[in-house]
Amino acid sequence: EAAQEEGGDRGGAATEEAVAKEEVKVCDGIPLLKEATEHKETANGLFKRKKFHEAMKAYEQGLEVLNRSNEFRMLADERDKTDALKAVIWCNIALCRIHQDLYDRAIDAATECLRLDKENTKALHRRSQAHEKLGQLEEALSDSTKLKKLGDGHLNAKESEEEERRREQLWERLQKENRAIDEVAKAQEPYWMMRDRFNVLVDKYDLGGRLGQSCLGMERTRKQWKMEKSEAEFGVKWIKMGLEAKAHEPDVKAIIASATQAKLQLAEQKAKES
């Protein structure tokens with residue numbers, strides 16, 4: 001019996017060892033890197049011939065090859081090389097999408113590249129350009145500013161000067177946009193002030209759902225709702241404007257929210273630069 005138990009223990013240990021070995025799957029990254037690089041080179045050739053859609057498909061095939069290693073362990077050096085090649089391919093996909101006017105998707109591709117390589121200046125530049133095309137000036141300026149902190153990376157002296165002029169233009173356009181937003185918000189200020197007083201009146205006399213009946217005359221309104229004379233005058237004079245203000249309210253809120261966000265982002269950017 002003791003021998004049987006000892007044999008059983010050895011058998012159990014052997015089974016556990018076999019399972020452990022089976023669970024550890026190591027991927028040989030060299031063949032994958034070679035195959036993915038071939039797809040990248042094919043894509044580069046297609047890009048040079050301005051076949052942007054075909055080039056993007058070839059780049060995506062390279063990514064598919066590299067993604068085969070996702071569920072497996074790799075040697076650290078091969079994993080680093082795999083991630084670096086993925087970053088390059090994502091960056092090239094971003095450029096293809098810019099040439100196809102697919103700016104949202106270009107931003108996504110550049111972001112994937114930056115997730116793997118935070119200081120990839122080409123990806124920052126391309127993402128900034130895509131943001132600008134979409135009118136997202138804050139994001140465009142933010143990426144261009146990060147690019148500047150990295151010494152403009154891949155740009156040569158002439159391109160760096162052009163990018164600096166672009167930064168200045170983005171800043172000027174953003175300031176102009178913010179001034180326009182502020183002017184619209186300021187023009188709507190009387191509506192906001194009136195709306196607050198109007199809402200107090202509605203709550204005080206429980207006018208919700210019966211506002212149409214309030215547009216009578218001042219005296220009839222005062223008697224019907226037992227209001228003070230000044231309140232009745234305000235109700236008759238401003239109730240239509242109050243309803244108009246409520247119709248405008250969503251647009252005004254969106255404008256003010258946009259202005260607030262822009263100012264916060266600019267403040268954060270200034271703080272980082274100082």
Side-chain angles (χ1 to χ4, degrees), residues 25-136 139-163 166-167 170:
K25 296 179 180 180
V26 179
C27 177
D28 183 358
I30 300 300
L32 298 182
L33 287 165
K34 181 180 179 182
E35 184 179 350
T37 299
E38 289 173 356
H39 284 298
K40 180 177 76 74
E41 294 303 325
T42 299
N44 289 348
L46 290 166
F47 183 88
K48 289 177 181 178
R49 299 200 299 274
K50 299 186 184 300
K51 295 185 176 182
F52 304 120
H53 179 72
E54 293 85 348
M56 188 175 69
K57 291 298 181 184
Y59 285 129
E60 288 174 346
Q61 287 175 336
L63 285 177
E64 289 174 5
V65 170
L66 295 174
N67 286 339
R68 293 178 200 162
S69 68
N70 288 351
E71 302 301 321
F72 303 98
R73 293 185 181 181
M74 292 178 70
L75 295 175
D77 178 61
E78 292 177 7
R79 177 61 72 190
D80 291 342
K81 289 179 179 177
T82 298
D83 288 344
L85 184 54
K86 282 183 181 180
V88 169
I89 292 175
W90 275 118
C91 191
N92 291 349
I93 288 174
L95 187 58
C96 286
R97 289 175 175 174
I98 286 174
H99 280 284
Q100 294 175 290
D101 297 335
L102 300 173
Y103 301 118
D104 279 320
R105 295 175 66 185
I107 290 168
D108 292 340
T111 300
E112 283 296 323
C113 171
L114 290 165
R115 183 177 62 81
L116 295 164
D117 180 5
K118 294 180 181 179
E119 296 188 353
N120 190 303
T121 57
K122 287 184 179 180
L124 280 170
H125 192 210
R126 291 166 189 176
R127 192 170 70 174
S128 176
Q129 291 174 320
H131 278 305
E132 183 181 6
K133 289 291 187 180
L134 293 174
Q136 298 166 350
E139 293 85 350
L141 182 57
S142 175
D143 279 343
S144 183
T145 301
K146 292 174 184 175
L147 178 63
K148 182 178 182 179
K149 289 181 179 179
L150 294 171
D152 283 339
H154 63 290
L155 302 180
N156 60 38
K158 183 179 178 180
E159 290 170 337
S160 185
E161 289 177 6
E162 291 174 352
E163 184 64 17
R166 176 172 168 269
R167 283 187 201 103
L170 284 170

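Start at 1 with the first residue, then count along the sequence. Below, all heavy atoms of this structure are taken into account, side chains as well, without hydrogens, waters or symmetry copies.
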### Query
Under the 3.5 angstrom rule, does the side chain of Arg97 hit a backbone N or O of Arg105 as a donor-acceptor pair?
yes

### Task
Show your reasoning for whether salt bridge (charged side-chain N to carboxylate O under 4.0 Å, His left out) applies to Glu112 and Arg115.
CA-CA 5 Å; Glu112 283 296 323; Arg115 183 177 62 81; 3.1 Å; yes

### Query
If only atom types and distance count, is the side chain of Glu159 paired as donor or acceptor with the main-chain N or O of Asn156 below 3.5 Å?
yes

### Trace of the side chain to side chain contact (heavy atoms under 4.5 Å, CB included) decision for His154 with His125
CA-CA 9 Å; His154 63 290; His125 192 210; 3.7 Å; yes

### Task
Quick one: pull up CD1 in Ile30 and CD in Glu35 and give me the separation to the nearest 0.5 Å.
13.5 Å

### Query
Would you call Glu78 and Leu32 a side-chain contact if the rule is heavy atoms closer than 4.5 Å?
no

### Query
More than 12 foreign heavy atoms under 6.0 Å from NZ of Lys122: is that the case here?
no

### Query
Any Lys/Arg nitrogen of Arg166 or Glu132 sitting under 4.0 Å from an Asp/Glu carboxylate oxygen of the other?
yes

### Query
Taking C-beta and beyond as the side chain, do Arg126 and Asn92 meet within less than 4.5 Å on heavy atoms?
yes

### Query
Does any non-hydrogen side-chain atom of Met56 lie less than 4.5 Å from one of Glu60?
yes

### Query
Below 4.5 Å, heavy atoms only, C-beta onward: do Ser128 and Lys146 meet side chain to side chain?
no

### Query
Is there side-chain contact between Lys86 and Ile89, with at least one heavy-atom pair below 4.5 Å?
no

### Heavy-atom closest contact (Ala87 atom, Asp117 atom, distance)
CB-CB, 4.1 Å

### Query
Say you draw a straight line from OG1 of Thr121 to CG of Leu114; how long is it, rounded to the nearest 0.5 Å?
9.5 Å

#### Entry: For the student: nearest non-hydrogen atoms of Arg79 and Phe72, plus distance
NH2-O, 2.9 Å

### Query
Is it true that a side-chain atom of Arg167 and a backbone atom of Ser144 form a donor plus acceptor pair closer than 3.5 Å?
yes

### Note, Leu66 side chain near Leu33 side chain (heavy atom, < 4.5 Å)
yes

#### Entry: Euclidean distance, Leu102 CG relative to Ile107 CD1, rounded to 0.5 Å
11.5 Å

### Query
Any donor-acceptor pair under 3.5 Å linking the side chain of Arg68 with the backbone of Cys27?
no

### Query
Of the non-hydrogen atoms in Val65 and Ala36, which two are nearest, and what is the gap between them?
CG1-N, 4.0 Å

### Message
Are the side chains of Thr111 and Trp90 in contact, using a 4.5 Å heavy-atom criterion?
### Response
no

### Query
Is atom CD of Glu41 surrounded by more than 12 heavy atoms (other residues, nucleotides or ligands) closer than 6.0 Å?
yes

### Leu95 CG to Ile93 CD1 distance, which is reported to the nearest 0.5 Å
11.0 Å

## Note on the structure
So NZ of Lys149 and CD of Glu119: to nearest 0.5 Å the spacing works out to 12.0 Å

### Closest contact, heavy atoms only, Ala130 versus Ala106
CB-CB, 4.2 Å

### Task
Start with the C-alpha gap between Cys113 and Arg127, add the side-chain angles, then the distance that decides, and say whether side chain to side chain contact (heavy atoms under 4.5 Å, CB included) holds.
CA-CA 10 Å; Cys113 171; Arg127 192 170 70 174; over 6 Å; no

### Query
Parallel under 30°, tilted from 30 to 60°, perpendicular over 60°: which one fits the rings of Phe52 and His99?
parallel

### Query
Taking the side chain as C-beta and beyond, is there a heavy-atom pair between Glu54 and Arg49 under 4.5 Å?
no

### Query
Between atom CG of Leu75 and atom NZ of Lys81, what is the distance when rounded to the nearest 0.5 Å?
10.0 Å

### Message
Run Leu155 and Glu162 through side chain to side chain contact (heavy atoms under 4.5 Å, CB included) and show every step you take.
### Response
CA-CA 10 Å; Leu155 302 180; Glu162 291 174 352; over 6 Å; no

